[in-house]
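Only one structure is covered here, and it is reproduced in the block below.
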Amino acid sequence: MACRQLWASRAASYLRISVFHRSFSNVLNDLKYADSHEWVKVDGNSATVGITDHAQDHLGEVVYVELPEVGATVTQGEGFGAAESVKATSDINSPVSGKVVEVNEKLTSSPALVNTSPYKDGWIIKVEMSDSGELNNLMDSEKYSKFCEEEDSNH
Amino acid sequence: MRGGLWQLGQSITRRLAQGDKKAVARRYFASDAELKKTVVYDFHVANGGKMVPFAGWSMPIQYKDSIMDSTLNCRENGSLFDVSHMCGLSLKGKDSVPFLEKLVIADVAGLAPGTGSLTVFTNEKGGAIDDSVITKVKDDHIYLVVNAGCRDKDLAHIEEHMKAFKAKGGDVSWHIHDERSLLALQIFGCCVIAHSFAPTSCYLFSHDLVMVLLLLRFLQHLTKADLSKMYFGGFQVLDINGVQCFLTRTGYTGEDGFEISIPSESAVDLAKAILEKSEGKIRLTGLGARDSLRLEAGLCLYGNDLEQHITPIEAGLTWAIGKRRRAEGGFLGADVILKQLEEGPKIRRVGFFSSGPPPRSHSEIQDEGGNNIGEVTSGGFSPCLKKNIAIGYVKSGLHKAGTKVKIIIRGKSNEGVVTKMPFVPTKYYKPS
C-alpha cells in the first residue's frame, strides 16, 4: 500500500524544509544572490549563474538539469530551467535579464556537478546582461546568509 | 504510553466504531499544524529525520542518507521504515470472511489461515476506494492494514456496511489497532539463508552473509518461530522479545521482509535493536526512498496510480481477483469489473522508460503523431536503474511493451517507450 500524495509538487516544497540546521551552507563573498537561491558572478557585461550550496542541499542529489538554448532571453526573477532530484522538481530563476550566451553542457551527462561543485563546475548558464543595474536587486553574501538562516528558522 | 515519548498536546477522543465500545484517544499537537506523530517520532528526529506532513502525520521523508542512497541500500542490505501512520485493524466473528468479501475483490475464503494477499476495496462503480493487505489469521479473524490517507473513508465505509450486515444477523465486529505501531523491515538476501545448505544459491560476500545470518538469527531468537517456513504473504502472531507482535512477510518495495505490528510502547526499543544488531547495514529509511522503491517495483500508489474512478482491471490488478470471485462476483461494483474482464478495459496501467527530465504525475502522454493517449500517474528517476521510470495509463491497444510514446514535460516532448513492470525484479521469498 502507499498513501495518497502528489509527490512531485509537495515533495518539492517539503524538501526545502530543514528540520535540522547545517552549521552553515557555503556562501562565497564575491557573488550576488537571489531569494530563490541562485547566485550570479559578474565579469563586465557577462554574468555566470548557478544555484547555491543552500539550494542543492535542500534539493538533494540532482539527476537532471533542464538547460535553455543559447540565444534564449532570460528575465530577472523568471524561470529559465529546472533542476530535478529523485523526488522533486525545482524551477531555476534567472537573477539577471539578458541573453544566454553559453550553457554548461557538462550538466547533461553529469547533473550532480550542481551538488558537488555548485559555485564552480556546476555553473548553469552565462548571460550577456541587458541591465547591470538589476544587480542592485540582489543580495550580497552577508545578506544572503542571514536570509537563509531566517528561512530555515521559519519552519 | 510513556510520557517521554509523547509531547504535550491536546487529547481528542472520538468513537470510531459501533463495535468498538471503548473510545480511542488520539493526540493532536498544536505545533506542526496539528499533525499527528507516531511513537517513533522523537527517534526519527534524533536520527536526523526530515519530518514532513504526510496524510495528516508528521513523517520522515529522509534521514541523513540521501533518498538515492537509502533506496540503493534497501536493495543491497536492508531498510527499516516507520509505517505506523497506516491503519491496522482486525475483523472478528464467524461471518467476518463473507462480510469482507462483500467489500474486497480477494478470495478471502480461499486464503489458508496464516496467509494474506494484496486486495482492493471497491465502490459501487468498481473503482478503487483503497488498496490493502489483508491476512486471514483464522477463519473468524482477519487482520488488515489500510493506507493512512484513506483511513477515514475506509473506516466509514466498513462501518456503514458492517451496520447493515449485522442488522441482517451477521456476526462480525472490529478492533482498530491504534494501540499498536507498524514497522516495515526489508532485508536483502533473507531468502538465501533459508537455502544456505545449497552452496550455489549463496551469492553474497561472506561478510554480508554473516550479517544477514545474524539478523535472521536475531529475529528467530526473539520469536522462536521458524521464519524459513514463513513465505511471502505469510502471517504469524508471535512473541518478539516477550512482546506480542503480528508479523507479516510482506513489504511495498519489491524486497523480502516483514511488517511488524508491535504494541506502541515497545516500538522504539525494537527499532533500536534491529538497527544495532545489523551493525549499520539496515538503515532507517524514509518515505521518499520508500516511494522510489515501490515505483521501481511497479506497485500502485493510492492517490496517484489508483483512484475512486480506476478499476482493478484498468490498474492491472486482475490477478488479485480470485478465480471463484471472477465467476461469482459478490463485491461492490462487480458488474462493472466483470464486464471489463470480459470485454477488456478502455485504459490500462503501464510502465515507461523515458529520456529527458523525469516524468511526474499528470505529465501528458502522446502517441508518435502527437495525439493524447494518456497520462503519467507516478514517475521519477530510478536510483537502481539510473534512468527515468514512470507509471501511467494509456488507451487499450497502445499498452504493449515496446510501444513508442512522447511524454510532455513543461511543454516539451520527450521520447518514451512502454515497458513491462516491475522495473527492478522483485525478491519475494516464495516456496521454490
Side-chain angles (χ1 to χ4, degrees), chain A residues 1-23 54 56-69 72 78-93 105 107-112 114-116 124 152-155, chain B residues 45 48-55 57 59-62 66-69 71 83 85-86 118 130-133 145-150 252 287-292 294-295 299-307 356-362 378-383 386-388 409-410 412:
Chain A
M1 303 85 69
C3 292
R4 181 194 300 274
Q5 189 66 271
L6 288 176
W7 275 106
S9 52
R10 295 198 185 191
S13 56
Y14 297 154
L15 283 167
R16 288 187 172 277
I17 297 169
S18 183
V19 174
F20 56 95
H21 306 289
R22 299 172 75 205
S23 46
H54 180 95
Q56 69 81 24
D57 183 49
H58 283 76
L59 192 51
E61 184 168 350
V62 173
V63 299
Y64 184 83
V65 180
E66 183 170 288
L67 299 165
E69 305 286 340
E78 291 184 14
F80 67 82
E84 307 257 7
S85 68
V86 174
K87 262 315 150 251
T89 299
S90 182
D91 285 339
I92 310 175
N93 296 338
E105 297 289 0
L107 297 181
T108 300
S109 54
S110 304
V114 165
N115 299 104
T116 59
I124 301 175
D152 282 345
S153 63
N154 279 338
H155 296 295
Chain B
V45 173
K50 284 188 183 180
M51 311 304 290
V52 304
F54 189 93
W57 294 77
M59 298 302 294
I61 190 166
Q62 73 182 98
S66 70
I67 289 174
M68 185 94 71
D69 288 340
T71 305
V83 286
H85 56 320
M86 299 202 305
L118 178 73
D130 196 5
D131 60 295
S132 171
V133 168
V145 178
V146 300
N147 286 311
C150 299
Y252 215 63
L287 298 187
R290 189 168 175 82
D291 185 60
S292 287
R294 70 90 201 165
L295 180 63
L299 299 169
C300 292
L301 173 63
Y302 192 87
N304 281 46
D305 314 304
L306 275 179
E307 295 261 21
R360 310 287 183 188
S361 292
H362 305 306
S378 293
F381 183 82
S382 164
K386 300 289 190 281
K387 59 178 169 180
N388 300 336
I409 301 168
R410 290 188 290 276
K412 295 180 187 175

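Bear in mind that the values here come from a model prediction, so they are computed numbers and not experimental data. To find a chain, count down the sequence lines: A is the first, B the second, and so on, and within it residues start at 1.
Contact of A/E66 with chain B is made through the side chain alone, with heavy-atom distances under 4.5 Å. Proximity to chain A is limited to the side chain of B/K412, based on heavy atoms less than 4.5 angstrom apart.
Contact count versus chain A (heavy atoms, under 4.5 Å) is highest, among B/P383, B/S66, B/P357, for B/P357. The candidate with the highest count of non-hydrogen atom pairs below 4.5 Å against chain A, out of B/G380, B/G379, B/P358, is B/P358. When B/G356, B/S292, B/S382, B/A289 are compared by the number of non-hydrogen pairs under 4.5 Å with chain A, B/G356 comes out ahead.
For B/S378, the side-chain hydrogen bond (donor to acceptor under 3.5 Å, both in side chains) partners at least two apart in sequence or on another chain are B/R294, B/D305. Residues passing the side-chain hydrogen bond (donor to acceptor under 3.5 Å, both in side chains) test with B/N388: none are found, sequence neighbours excluded.
The distance from atom NZ of B/K387 to atom CZ of B/F381, rounded to the nearest 0.5 Å, is 10.5 Å. Atom CG of B/N147 is separated from atom OH of B/Y302 by 9.0 Å, given to the nearest 0.5 angstrom.
If you run side-chain contact (heavy atoms from CB on, under 4.5 Å) between B/Y252 and each of B/V133, B/L301, B/D131, only B/D131 comes through.
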